Amino acid sequence: MKEDILHNLEIINDRIRKACEKAGRSRDEVRLLLATKTVSAERIKTALENGYTLIAENKVQELKEKYEGLKDTPHENHFIGHLQTNKIKDILKYDVVCVQSLDRPDLAEKLHQRLLSEGKTIDVLIQVNTSGEESKFGVHPEEAVELTRKVAEFTTLKIKGLMTIGLFSAETEKVRKCFKILKDLQQEIISQNIPNVEMKELSMGMSGDLETAIEEGATIVRVGTAVFVARVYPDSYYWNEKV
Ligand SMILES: *Cc1c(COP(=O)(O)O)cnc(C)c1O
């Protein structure tokens, strides 16, 4: 079990290295984030103890369940799932340092209010729906600049870049289009020089499409299945949560 994870991590690392080489990018421009949904704290620890310390959950419930088991092993926690406003205080309680899935003004406002009252700040990425699929969360590309402007007004929210889940397709060029949309948006936002906005990070690419994402400029690739092997639930359980 443990050997499987380490072996898989080596393979992923190799894929990232090769993709960077091919794209003429330096390997240290791309961080590997482990998407740990359904993975036990014990298995996550195997990765953490071997230097893979950037992890992310989709559900607050799982974050909570694994917190005790992971809190003494150094790591960096991001959040990549649909965030309900009534779960904001948990996100802060369980040491999430970056919400990658900020996709609407009311969430930004509530997050800001809570952070103010706790005297904290948090990193955020604006999640964009680049595939046009209704099942996916994220702001529509045409509304992304406006949302970025709004979020930038909240002093506790440190915008670091953009995040997207690309189209699920075996057709690489269709997937690439999604990543290009995110990259173009990044450039557009940079050109507008909005105060309190950094646009360094592009979180895109997963187990199946990380090479394409790296070619298009990803700085964070989010990998789950390829490291921890098959999951029990279908993706729709995580991406189309009805509240
Ligand atoms: C599960 C998940 C990933 C990782 O997907 P895999 O195909 O398992 O690599 C990346 N991003 C988000 C938002 C996810 O929910």
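This structure is a prediction, so every number in the text was calculated from the model and none was measured. Just so you know, residue 1 is the first one in the sequence shown, and it goes up from there.
Only one option out of His78, Gln127, Glu201 pairs with Gln100 in a side-chain hydrogen bond (donor to acceptor under 3.5 Å, both in side chains); it is His78. Considering Val175, Leu182, Ile181 in turn, Val175 is the only one that fulfils the side chain to side chain contact (heavy atoms under 4.5 Å, CB included) rule with Phe179. Residue Ser131 forms a side chain to side chain contact (heavy atoms under 4.5 Å, CB included) with just one option from Leu167, Ile165, Thr164, and that option is Leu167.
Nearest heavy-atom pair across Ala41 and Leu70 is O-CD2, 3.5 Å. The minimum heavy-atom distance between Tyr94 and Asn77, with the atom names listed, is O-ND2, 3.7 Å. Residues Ile159 and Ala152 approach most closely at CD1-N, 3.7 Å, considering heavy atoms. In terms of heavy-atom proximity, Asn58 sits nearest to Phe79 at O-CZ, 3.2 Å. Shown here for Leu157 and Ala108, the closest heavy-atom pair between the two residues is CD1-O, 3.6 Å. Heavy-atom minimum distance, Ala226 versus Asn8: O-CB, 3.2 Å.
Look at Glu216 and Lys180 and you find a salt bridge, because one of the NZ, NE, NH1 or NH2 atoms lies within 4.0 Å of a carboxylate O, short of that distance. Between Glu215 and Lys22 there is a salt bridge, since a side-chain N of the basic residue sits under 4.0 Å from a carboxylate O of the acidic one. Under 4.0 Å is where a charged nitrogen must lie from a carboxylate oxygen, and between Asp90 and Lys87 no such pair does. Contact check on Glu153 versus Lys150 returns no salt bridge, with no Lys/Arg side-chain nitrogen under 4.0 Å from an Asp/Glu carboxylate oxygen. Electrostatic pairing of Glu173 and Arg176 counts as a salt bridge here, judged by a charged N lying under 4.0 Å from a carboxylate O.
Of the N and O atoms on the side chains of Arg149 and Asn196, not one donor lies less than 3.5 Å from an acceptor on the other residue. Side-chain atoms of Arg31 and Thr219 form no donor-acceptor pair, as typed in the model, at a separation below 3.5 Å.
Looking at Asn129, its side chain does come within 3.5 Å of a backbone N or O of Glu133 through a donor-acceptor pair. Side-chain atoms of Arg25 come within 3.5 Å of backbone atoms of Ile214 as a donor-acceptor pair (strictly under, hydrogens ignored). Looking only at distances, no side-chain donor or acceptor of Gln186 sits under 3.5 Å from a matching main-chain atom of Leu202. Judged by distance alone, the side chain of Asn50 and the main-chain N or O of Thr46 form a donor-acceptor pair under 3.5 Å. Although no hydrogens or angles enter the test, the distance criterion places no donor-acceptor pair under 3.5 Å between the side chain of Thr36 and the main chain of Val39. With hydrogens and angles disregarded, a donor-acceptor distance shorter than 3.5 Å links the side chain of Asp209 to the backbone of Met206. Between the Arg15 side chain and the Ser207 main chain, a donor and an acceptor come within less than 3.5 Å of each other. Arg17 contributes no side-chain N or O that, together with a main-chain N or O of Arg27, makes up a donor-acceptor pair within less than 3.5 Å.
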Item to check | Residues Leu9, Leu32; criterion side-chain contact (heavy atoms from CB on, under 4.5 Å); working and verdict | outcome: CA-CA 10 Å; Leu9 282 166; Leu32 170 60; 4.2 Å; yes
Next on the checklist: salt bridge (Lys or Arg N to Asp or Glu O under 4.0 Å) for Lys66 and Glu57? Distances and angles first, verdict last.
Outcome noted: CA-CA 10 Å; Lys66 299 172 202 176; Glu57 290 292 347; 2.7 Å; yes
Next on the checklist: Under the criterion side-chain contact (heavy atoms from CB on, under 4.5 Å), I'd like the reasoning laid out for Arg222 against Met163: C-alpha separation, chi angles, the key distance, then a yes or no.
Outcome noted: CA-CA 10 Å; Arg222 309 179 308 267; Met163 184 271 250; 3.3 Å; yes
Checklist entry - For Lys37 and Lys59, what are the C-alpha separation, side-chain angles and deciding distance, and is it a side-chain contact (heavy atoms from CB on, under 4.5 Å)? => result CA-CA 8 Å; Lys37 52 178 174 264; Lys59 288 193 180 283; over 6 Å; no
Checklist entry - Stepwise, does the side-chain contact (heavy atoms from CB on, under 4.5 Å) test hold for Val223 with Leu33? => result CA-CA 6 Å; Val223 178; Leu33 175 149; over 6 Å; no
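Expressed to the nearest 0.5 Å, how far CD1 of Ile91 lies from CD of Gln84 amounts to 10.5 Å. One distance of note links CE of Met199 with CD of Gln192; it measures 10.5 Å at 0.5 Å rounding. The NZ atom of Lys158 sits 9.0 Å away from atom CG of Asp123, with the distance rounded to the nearest 0.5 Å. Annotation: the span from Leu102 atom CG to Leu162 atom CG amounts to 11.0 Å, rounded to 0.5 Å. Atom CG of Leu125 sits about 12.0 Å away from atom CG of Asp103, to the nearest 0.5 Å. Of the inter-residue distances, the one linking His112 atom NE2 with Ile88 atom CD1 reads 12.0 Å to the nearest 0.5 angstrom.
For Glu49, the CD atom is densely surrounded, since the number of other residues' heavy atoms within 6.0 Å is greater than 12.
Considering only heavy atoms from C-beta on, Lys45 comes within 4.5 Å of Thr73 through its side chain. In this structure, the side chains of Ile122 and Val97 stay at 4.5 Å or more apart for every pair of heavy atoms. At a threshold of 4.5 Å between non-hydrogen side-chain atoms, the residues Leu63 and Val96 count as touching. Residues Asp95 and Tyr67 form a side-chain contact, since some pair of their non-hydrogen atoms from C-beta on lies under 4.5 Å apart. A 4.5 Å side-chain heavy-atom check between Val221 and Met204 finds every atom pair outside the cut-off. Annotation: side chain of Arg114 is in contact with side chain of Lys89 (closest heavy-atom distance under 4.5 Å). When side chains are defined from C-beta on, Ile5 does not count as touching Lys2, because their heavy atoms never get closer than 4.5 Å. In this structure, the side chains of Ser101 and Ile80 stay at 4.5 Å or more apart for every pair of heavy atoms.
By the 30° and 60° cut-offs, the orientation of the rings of His82 relative to Phe137 is parallel.
In the hydrophobic clustering of ILVMFWY residues, with side-chain heavy atoms under 4.5 Å counting as a link, Leu185 and Ile190 come out together.
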